[in-house]
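Reviewing the structure listed below.
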Amino acid sequence: MARKYFLKGSGLAPRSASGTDYRQELNEAQHEAVMAHEGPVLVIAGAGTGKTRTLVYRVARLVEMGVDPRSVLLLTFTRRAAEEMLRRASLLIDNRCAKVSGGTFHSFANIILRQFGRKIDLQPAFTIMDRSDSEDLIQLLRTELSLNTKEKRFPRKQTAAEIYSMALNKQWTIPNLVERDYPHLCDALEDLLRLYERYVDYKRGKSLLDYDDLLIKLRDLLAGHEEVRRRLSETYRFIMVDEYQDTNQLQADIIRLLAATHDNVMVVGDDAQSIYSFRGANFRNIMDFAKVFPGARLISLEENYRSTQPILSLTNEIIRRARERYEKNLYTRKGDGEVPMLVRAESEQTQSRFVCQKILELREEGVPLWDIAVLFRSSFHSFDLEIELARHNIPFVKRGGFQFMETAHVKDLLAHLRILSNPQDAVSWGRVLLLLEGVGSQLSQKIIHWVLPGPHPAERLRSFEAKGKVAHGLRTLAQILQTCAEGQRPAEQSQYLMQYYIPILKQKYPDDYPKRLRDLEHFQGMTERYRNLERLLSDMALEPPTDSVDGVLAVDPDEGPLVLSTIHSAKGLEWHSVFIIWALEGRFPSYYNINTEEELEEERRLLYVAATRAKENLFITYPIKIFDRGLRAVLSRPSQFIDGIPEELLEPVTLVEEEENRGWEE
């Protein structure tokens with residue numbers, strides 16, 4: 001007779017009200033933030049000071065006090081972050097925390113607009129376009145408006161999409177944005193505005209929303225409909241926002257509107273880590289919080305749990321020079337560590353040689369490669385280092401490149417699924433039709449104009465007048481879409497579509513077909529979690545996975561890899577040892593990218609973010625004798641952000657060539 005093994009219940013046993021000793025678990029500043037009940041609160045959380053822990057404990061505390069968890073709204077910048085916080089809060093008390101509304105601004109907007117969108121003439125079955133879809137639609141409309149002629153230069157689809165998105169996120173007019181950031185495109189302004197009007201009208205007619213529309217329409221819904229605003233404000237009585245320094249003006253407006261009937265808003269962030277203005281983030285949101293919410297309590301988290309004191313002493317000095325900031329001084333109870341080093345190299349190659357040699361020394365000392373990172377301002381700064389790493393057989397991964405959901409083969413499969421969800425999605429129709437043999441851009445547009453007016457676009461494919469391979473392809477596609485639409489779950493639909501798509505995949509990508517097939521199989525696995533196609537497509541658009549399978553499988557934990565990353569991609573991460581390369585005046589900050597005092601200050605914060613990623617060792621390097629062809633000058637000085645810092649905070653190091661390399665010499 002088989003033995004029995006009893007599984008414990010999936011629910012967490014309720015804990016008593018006294019089960020969590022907040023005073024014991026938190027430091028004084030964290031405890032003050034967690035115990036703050038009503039009213040506006042601004043928590044300035046320095047790097048590594050436990051802001052996530054603070055948010056987790058406050059969620060638990062509110063629920064433990066008897067606050068209805070459904071009245072708590074936790075907004076983060078990734079869904080994964082919200083889910084992890086709520087999971088940890090549930091472990092502190094009980095499963096009531098799972099009822100807290102947690103997610104991103106965009107996912108929250110998606111939910112609210114599907115519920116109340118009719119108030120602003122938005123049908124609940126809208127389709128969300130990602131950035132690539134938006135660009136494809138702009139290209140389609142650009143052709144329709146004859147703006148792609150060779151006689152007259154017009155911005156590329158990516159540039160037009162960037163202009164439209166940035167104007168919305170910054171809440172500027174398109175003419176103002178073009179005049180300030182794209183003066184070379186002023187001649188195309190009239191056509192840019194004409195294209196934008198067509199873009200807006202087209203999306204409205206086809207129930208399409210891009211990322212920016214989600215925020216715009218949520219803001220408009222809240223601002224224009226008092227009954228909805230009041231209902232949502234009374235529903236969400238306690239609002240918390242993570243990474244507030246990264247919010248844009250639209251997001252700040254949404255928070256103010258959601259708090260219409262109360263001021264119970266706690267935002268957590270760090271002004272010193274505001275580095276995403278190129279995405280529309282507004283530094284003023286965190287600096288002016290007390291003006292928007294008068295009487296706001298300010299709480300600073302200063303005890304750092306990541307870095308040694310010498311590293312913190314340097315980072316405090318870097319940010320102390322900022323023109324505008326909240327006062328804070330990071331400290332730690334960890335023992336003394338190595339003083340950060342400023343390494344001056346005679347050339348870029350010498351800089352690369354030093355980094356490689358020191359990495360190998362750290363590895364011999366027991367620091368694994370995956371706990372070492374090389375950070376840089378711009379992606380091209382690592383090119384020479386990549387060559388040197390290859391010479392030393394040091395495996396590395398570089399943050400950047402195409403994300404998983406941006407790969408062409410995954411987007412091909414998604415386009416078919418989007419048509420099933422929204423048969424009026426012309427952008428997805430265009431992508432799907434161009435996969436058929438014999439169908440080019442002009443023919444695809446003719447087919448789209450034929451199928452969309454009817455109630456059943458997929459069925460109308462069969463009646464389009466075509467011959468040979470084109471006719472066969474259209475009939476096959478119609479049959480596939482019809483079969484998939486017959487009430488199947490997303491996993492079954494994607495599996496059926498994959499069988500249809502694999503021959504196309506082999507023909508279109510003969511060189512790396514096996515890798516791409518693994519990506520599709522990975523995607524197929526993701527669909528198993530979903531019962532609803534609309535939810536699948538919304539999640540893929542709002543919270544796309546970032547890694548391809550090939551990239552994941554290539555990582556050998558015994559061999560690394562070393563991490564190379566732009567500083568923007570490194571925010572929120574940490575490593576035992578960190579190298580910051582190219583800390584050279586003229587490159588960091590770059591003379592070409594700095595036009596205003598605000599931009600210069602953001603570059604300073606960028607260096608601060610890089611330096612605060614280090615736990616034990618920090619090396620800042622810069623090459624000299626770098627000839628800049630544009631400036632017709634030689635660059636040799638360290639970055640102004642570190643120039644003049646006392647040697648006891650940043651130890652200068654000179655590299656010396658020796659026949660027998662003995663490493664460091666006192």
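Between the side chain of W429 and the backbone N or O of P423, at least one donor-acceptor pair lies under 3.5 Å. A donor-acceptor distance shorter than 3.5 angstrom exists from the side chain of H449 to the backbone of Q445, with no hydrogens or angles considered. For S494 (side chain) and P490 (main-chain N/O), a donor-acceptor pair under 3.5 Å exists by modelled atom type. The closest donor-acceptor contact from the side chain of H416 to the backbone of L497 lies at 3.5 Å or more, if one exists at all. Using modelled atom types, no side-chain atom of H409 and backbone atom of L517 make a donor-acceptor pair closer than 3.5 Å. Between the N422 side chain and the K206 main chain, a donor and an acceptor come within less than 3.5 Å of each other. No donor-acceptor pair under 3.5 Å is formed between the side chain of S421 and the backbone N or O of L417. A distance-only check finds a donor-acceptor pair linking the side chain of R256 to the backbone of V292 [under 3.5 Å]. For S463 (side chain) and R460 (main-chain N/O), a donor-acceptor pair under 3.5 Å exists by modelled atom type. Without hydrogens or angle criteria, N285 side chain to T247 main chain gives a donor-acceptor distance under 3.5 Å.
Contact annotation: the side chain of D242 approaches that of M85 to within less than 4.5 Å [non-hydrogen atoms, C-beta and beyond]. With contacts defined as side-chain heavy-atom distances shorter than 4.5 Å, the pair R418/D133 qualifies. Side-chain contact between V265 and F289 is present, with heavy atoms from C-beta onward closer than 4.5 Å. The shortest distance between side-chain heavy atoms of L218 and F108 falls below 4.5 Å. The shortest distance between side-chain heavy atoms of N169 and R279 does not fall below 4.5 Å. At least one side-chain heavy atom of F126 sits under 4.5 Å from a side-chain heavy atom of L214. Two residues are said to be in side-chain contact when any heavy atoms from C-beta on lie closer than 4.5 Å; T235 and R70 fail this criterion. Looking only at side-chain heavy atoms (C-beta outward), R118 and P124 come within less than 4.5 Å of each other.
For E465, the CD atom sits in a loose shell: 12 or fewer heavy atoms of surrounding residues, nucleotides or ligands are nearer than 6.0 Å. Annotation for R194: atom CZ counts as buried by contact number, over 12 foreign heavy atoms lying within 6.0 Å. Applying the 6.0 Å contact sphere to CZ of R230 captures no more than 12 heavy atoms from other residues, nucleotides or ligands. Annotation for Q115: atom CD counts as buried by contact number, over 12 foreign heavy atoms lying within 6.0 Å. Atom CD of E227 has more than 12 heavy atoms from other residues, nucleotides or ligands within 6.0 Å.
R605 has no carboxylate O lying under 4.0 Å from a charged side-chain N of D271, or vice versa, which leaves the two without a salt bridge. Under the 4.0 Å criterion applied to side-chain N and carboxylate O atoms, E135 and R142 are not assigned as salt-bridge partners. Ion pairing between K217 and D220 fails under the 4.0 Å rule for side-chain N and carboxylate O.
S538 and E534 share no side-chain donor-acceptor pair at under 3.5 Å. Side-chain atoms of T127 and D425 form no donor-acceptor pair, as typed in the model, at a separation below 3.5 Å. A donor-acceptor contact closer than 3.5 angstrom links the side chains of R114 and N110. Between Q171 and R219, the side chains place a donor N or O and an acceptor N or O closer than 3.5 Å (distance only, hydrogens not considered). Looking only at atom types and distance, the side chain of T261 has a donor-acceptor partner in the side chain of R237 under 3.5 Å away. Between the side chains of S207 and Q123, no donor N or O sits under 3.5 Å from an acceptor N or O. Side chains of E243 and Q245: a donor on one and an acceptor on the other come within 3.5 Å.
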Criterion side-chain contact (heavy atoms from CB on, under 4.5 Å) on I128 and D213, from CA distance to verdict: CA-CA 9 Å; I128 302 172; D213 290 328; over 6 Å; no

Residue pair T596, R180: steps toward the side-chain contact (heavy atoms from CB on, under 4.5 Å) verdict: CA-CA 11 Å; T596 65; R180 184 186 183 281; 3.8 Å; yes

Candidate pair R204 and D201, rule salt bridge (charged side-chain N to carboxylate O under 4.0 Å, His left out), full reasoning: CA-CA 5 Å; R204 184 186 301 116; D201 289 342; 3.0 Å; yes

side-chain contact (heavy atoms from CB on, under 4.5 Å) between L195 and F154, worked out: CA-CA 11 Å; L195 175 59; F154 190 78; 3.8 Å; yes

CA sep, side-chain torsions, deciding dist, call: R284, M287, side-chain contact (heavy atoms from CB on, under 4.5 Å): CA-CA 5 Å; R284 301 269 23 118; M287 299 307 298; 3.3 Å; yes

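The CG atom of D191 lies 10.5 Å from the OG atom of S146; values are rounded to the nearest 0.5 Å. The distance from atom NE2 of H106 to atom CG of D210, rounded to the nearest 0.5 Å, is 9.0 Å.
Here the closest non-hydrogen pair linking G280 and N248 is O-CB, 3.2 Å. Across all their heavy atoms, Y211 and R131 have their closest contact at CE1-N, 4.2 Å. In terms of heavy atoms, D136 sits closest to R431 at OD2-NH1, 3.9 Å. Between I254 and L215, the closest heavy-atom pair is CD1-O, 3.8 Å. The heavy-atom pair separating Y276 from E602 by the smallest distance is N-OE2, 3.6 Å. Closest approach of A296 to A290, counting heavy atoms only: CB-CA, 4.2 Å.
Cation-pi geometry between R231 and F116 is not met at under 6.0 angstrom from the ring centre and within 45 degrees of the axis.
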